[in-house]
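A short write-up of the structure that comes next.
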Amino acid sequence: METKYLFVTGGVVSSLGKGIISSSIACLLKARGYRVTIQKFDPYINIDPGTLNPYEHGECYVTVDGHEADLDLGHYERFTDIQTTKANNITTGRIYQNVISKERRGDYLGKTVQIVPHITDEIKRAVKQLGLTGEFDFIITEIGGVVGDIESLPFLEAVRQLRWELGRDSLCIHLTYVPFIAAAKELKTKPTQHSVKKLQELGIQPDVLVLRTEHPITSEARRKIAQFCNVAPDAVVQSLDLPSIYEVPVKMHEQHLDDIILRLTGVEAQGEPHMAPWLHFLEKLESAETPVRIGLVGKYVELQDAYKSISESLSHAATYNDRRLELQYIHSEKLNEQNVDSLLSPLDGILIAPGFGQRGIEGKFVALKWAREHDVPTLGICLGMQCMVIEFARDVLGLPEANSTEMNPNTPDNVIDLMEEQKSISNMGGTMRLGAYDCRLRPGSLAAEAYGTTDVRERHRHRFEFNDEYRARFEEAGMKCVGENPRTRLVEVVEIPGKRWFLGTQYHPEYSSTVLHPHPLFMSFIRAAIAYEAGKSQGAPSHSPESEKL
Ligand code: GLN
C-alpha cells in the first residue's frame with residue numbers, strides 16, 4: 001500500500017497530550033499489523049533539546065542512534081515498541097540549519113532563499129524522508145505548538161501543501177480542548193470552533209477532531225462541533241482524562257478512531273487490533289493494590305516531566321510485579337543528614353537520578369550513604385552511578401575529597417573523570433557520548449542475572465566516566481565493575497555484591513523500557529524492593545551481615 005501520512009496538530013492550549021494521542025494511534029495501527037512510525041516537529045530554534053534545561057522542556061530523551069530528542073519520542077517508543085532515530089525529531093533550528101548550509105554550498109543557484117518555498121520545502125523533505133525508506137505504512141507527524149503560534153506557521157504551510165499533494169494518502173487529526181464552565185455547568189465548544197477556523201484560514205481542513213475534556217462530551221455538543229467544523233460526526237472523538245495514559249489507545253479504539261483513520265485513508269480495515277498483551281498490562285495496572293514505595297532522589301523534582309522515562313519504567317516494572325507504584329520525588333537539595341532517616345526509611349527502594357552539575361549533589365551522597373549502610377535496594381543512573389562511586393570512595397576507600405572533575409576540577413581523587421575524547425570539545429550541543437553502545441556484563445553478577453545475558457546494548461548521555469586507575473581499589477573494597485564496554489573498557493555497571501541490590505549504570509536503562517517489554521534491570525530492582533519490604537514487615541534485620549563492613 002501507499003505510505004499514509006497522518007498529521008497531528010493541536011489547538012486552543014498546549015499540553016493537551018498530542019504525543020499521547022499520536023502514540024495511541026500508532027499503538028492501534030501497529031496492533032493491526034501495520035508498519036508505523038511517528039515523528040515530531042518542534043517549532044523552536046534550538047537544533048535539538050540537548051542543551052535545554054529540563055525546567056524548560058522536561059526530560060531529554062535519547063534515541064539509539066544518539067540523537068537528543070523531545071520527551072514525546074519516549075512516549076512513542078513506550079507505546080509502540082518501535083525504535084525512533086534522528087529522523088523522528090526535527091526542530092525549526094535544524095530545518096534552518098539545513099537550508100542555510102545548502103545556501104552556503106550554493107545549492108540554490110543564486111535564488112533568493114525564503115521561508116516559502118525553501119523552508120517549507122525542507123520541512124516537506126523531512127516529513128517524507130521516513131516514507132522514502134519504504135519501511136512504513138503509516139507515518140504520523142506531530143506538529144508541536146498550538147495552531148495560531150507564529151512559530152508553527154511554516155510547518156502548517158508545509159502540511160497544507162502536503163495534504164494537497166498527497167490527497168487521500170494524508171489526513172489531519174486536530175486535537176483541541178473543550179472546557180467545562182462550572183458556573184454555567186456547561187461544556188464550551190467555541191474554542192474548538194475557533195481553533196478549527198484558524199486551521200481553515202491556513203488552508204487545512206481537519207478530518208478528525210479529538211477533544212480533550214474533563215467531562216463527557218454530550219452528543220449534542222459533538223453534533224454541533226461536527227456541523228460547525230465540517231467534520232463527519234463519527235470523526236469527532238473525545239479524550240477524557242484517564243487515570244493512566246496507557247488507557248488512551250483503548251478509549252480511542254472504543255470510539256473507532258483506528259477504523260475512521262483507515263476509512264479516511266482508503267485502507268480496508270481487516271479484523272480487530274491485537275491488543276491482548278496491552279490489555280493484560282492494563283488489567284495488571286488496574287488491579288495492583290499493594291504499593292511498592294520508591295524514592296527518586298534528584299534536583300528537578302518540581303517538574304516531574306524531567307524524569308519521565310524513569311517514572312514510566314518504574315511503573316512498567318511495578319505493574320508486571322503486581323504492585324502499584326508509589327513514587328516519591330525527593331529533592332536532593334533538601335536532603336541532609338538530619339532528615340535522611342525520616343525521608344528514606346519508609347521506602348522499599350531508592351533511585352538516584354541522572355543529572356549535571358554541582359547543585360543537589362551533596363544530597364545524593366547523603367542518600368547513598370544511608371542506602372548503602374541500611375542495605376536498601378538502590379539503583380543509580382548515570383550521574384546517580386557516578387555518585388555511588390564517589391560516595392564509596394569517600395566513605396569506604398577513605399578518600400574524603402574524592403569527586404568527579406565535573407564538580408571539582410582540582411580534586412586529588414578524580415574517581416570520575418572527563419572522558420579522553422571529550423577533552424578537546426568546546427561546543428556543548430550534541431557532543432556528549434550519546435546513543436547505544438555495547439556493554440559486556442560479568443557472568444554471575446546481579447546485572448547479568450537481571451538481564452539473563454552478558455551482552456547488552458544500552459543508550460548513553462554523558463561526558464564523564466569511571467576513572468580506570470581506581471578500578472582495582474574499588475574491586476578490592478567490594479564495589480565491582482561488572483559491566484564494561486568491550487572495546488574501550490569504559491565502566492558501564494558497578495555493584496556491591498554483598499548488598500541486597502546496589503547497582504549503578506553509566507547508561508540509561510529507562511530509555512528502553514516499554515509497556516510490552518519492561519526493562520529487566522527495573523524488573524529486578526522492583527523485585528528486590530518488594531522482597532526487602534516483605535522482609536521489613538516480617539521484622540528481618542535492616543542490615544545484612546555483609547553490609548557492616550561496607
Ligand atoms: N553529568 C554526568 C556526565 O556528564 C552525568 C550525566 C547524566 O546523568 N546524564 O557524565
Side-chain angles (χ1 to χ4, degrees), residues 48-64 66-69 71 74 296-301 303 305-311 313 332-333 350-365 367-368 378-391 393 402-409 411 414-437 439 458-468 470 481 483-485 488 490-494 503-512 521:
D48 59 47
T51 52
L52 285 175
N53 183 324
Y55 289 122
E56 288 283 314
H57 216 62
E59 163 189 284
C60 174
Y61 188 73
V62 178
T63 58
V64 272
H67 177 65
E68 294 176 293
L71 62 78
L296 191 158
V297 181
K299 66 176 168 182
Y300 299 114
V301 292
L303 180 83
D305 266 0
Y307 300 114
K308 197 74 201 159
S309 293
I310 293 178
S311 61
S313 304
S332 54
E333 266 187 303
I350 297 167
L351 194 149
I352 311 292
F356 295 83
Q358 173 65 31
R359 186 169 72 86
I361 201 94
E362 292 304 325
K364 288 187 174 171
F365 297 138
L368 279 165
T378 304
L379 169 59
I381 299 179
C382 206
L383 180 63
M385 170 268 198
Q386 297 175 354
C387 287
M388 274 181 167
V389 169
I390 298 165
E391 191 281 322
N403 216 330
S404 163
T405 45
E406 179 181 5
M407 315 308 160
N408 176 9
T411 169
N414 53 343
V415 290
I416 301 293
D417 203 2
L418 191 62
M419 281 182 274
E420 198 50 44
E421 69 263 27
Q422 289 285 328
K423 292 187 178 154
S424 55
I425 285 173
S426 53
N427 271 357
M428 285 293 127
T431 54
M432 282 190 242
R433 179 172 179 252
L434 292 165
Y437 286 92
C439 167
E458 295 280 6
R459 303 183 208 184
H460 298 75
R461 183 171 187 250
H462 65 122
R463 293 188 201 280
F464 294 81
E465 64 174 333
F466 182 99
N467 183 346
D468 209 47
Y470 287 85
C481 302
E484 63 177 32
N485 180 293
T488 62
L490 179 143
V491 174
E492 292 279 12
V493 187
V494 297
L503 184 149
T505 60
Q506 183 57 77
Y507 54 75
H508 292 260
E510 73 274 21
Y511 293 144
S512 47
L521 270 188

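What you see is a predicted model; the values in this text were computed from it and never measured. Remember, it's 1-based here, ligands and their atoms both numbered in the order they're listed.
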Listed partners of Tyr507 passing side-chain hydrogen bond (donor to acceptor under 3.5 Å, both in side chains), at least two apart: Tyr451
Set of side chain to side chain contact (heavy atoms under 4.5 Å, CB included) partners for Asp48, sequence neighbours left out: His67, Glu68
Mutual orientation of the aromatic rings belonging to His460 and His462 [parallel < 30°, tilted 30-60°, perpendicular > 60°]: tilted
Set of residues satisfying side-chain hydrogen bond (donor to acceptor under 3.5 Å, both in side chains) with respect to Gln358, sequence neighbours excluded: none
Plane angle bin for Tyr61 and Tyr511 - parallel if under 30°, tilted between 30 and 60°, otherwise perpendicular: perpendicular
Proximal protein residues to ligand 1, non-hydrogen atoms under 4.0 angstrom: Pro354, Gly355, Phe356, Cys382, Leu383, Gln386, Glu406, Arg461, His462, Arg463, Phe464, His508
Pair Gln506-Glu458, side chain to side chain donor-acceptor pair (under 3.5 Å): steps then yes or no: CA-CA 10 Å; Gln506 183 57 77; Glu458 295 280 6; over 6 Å; no
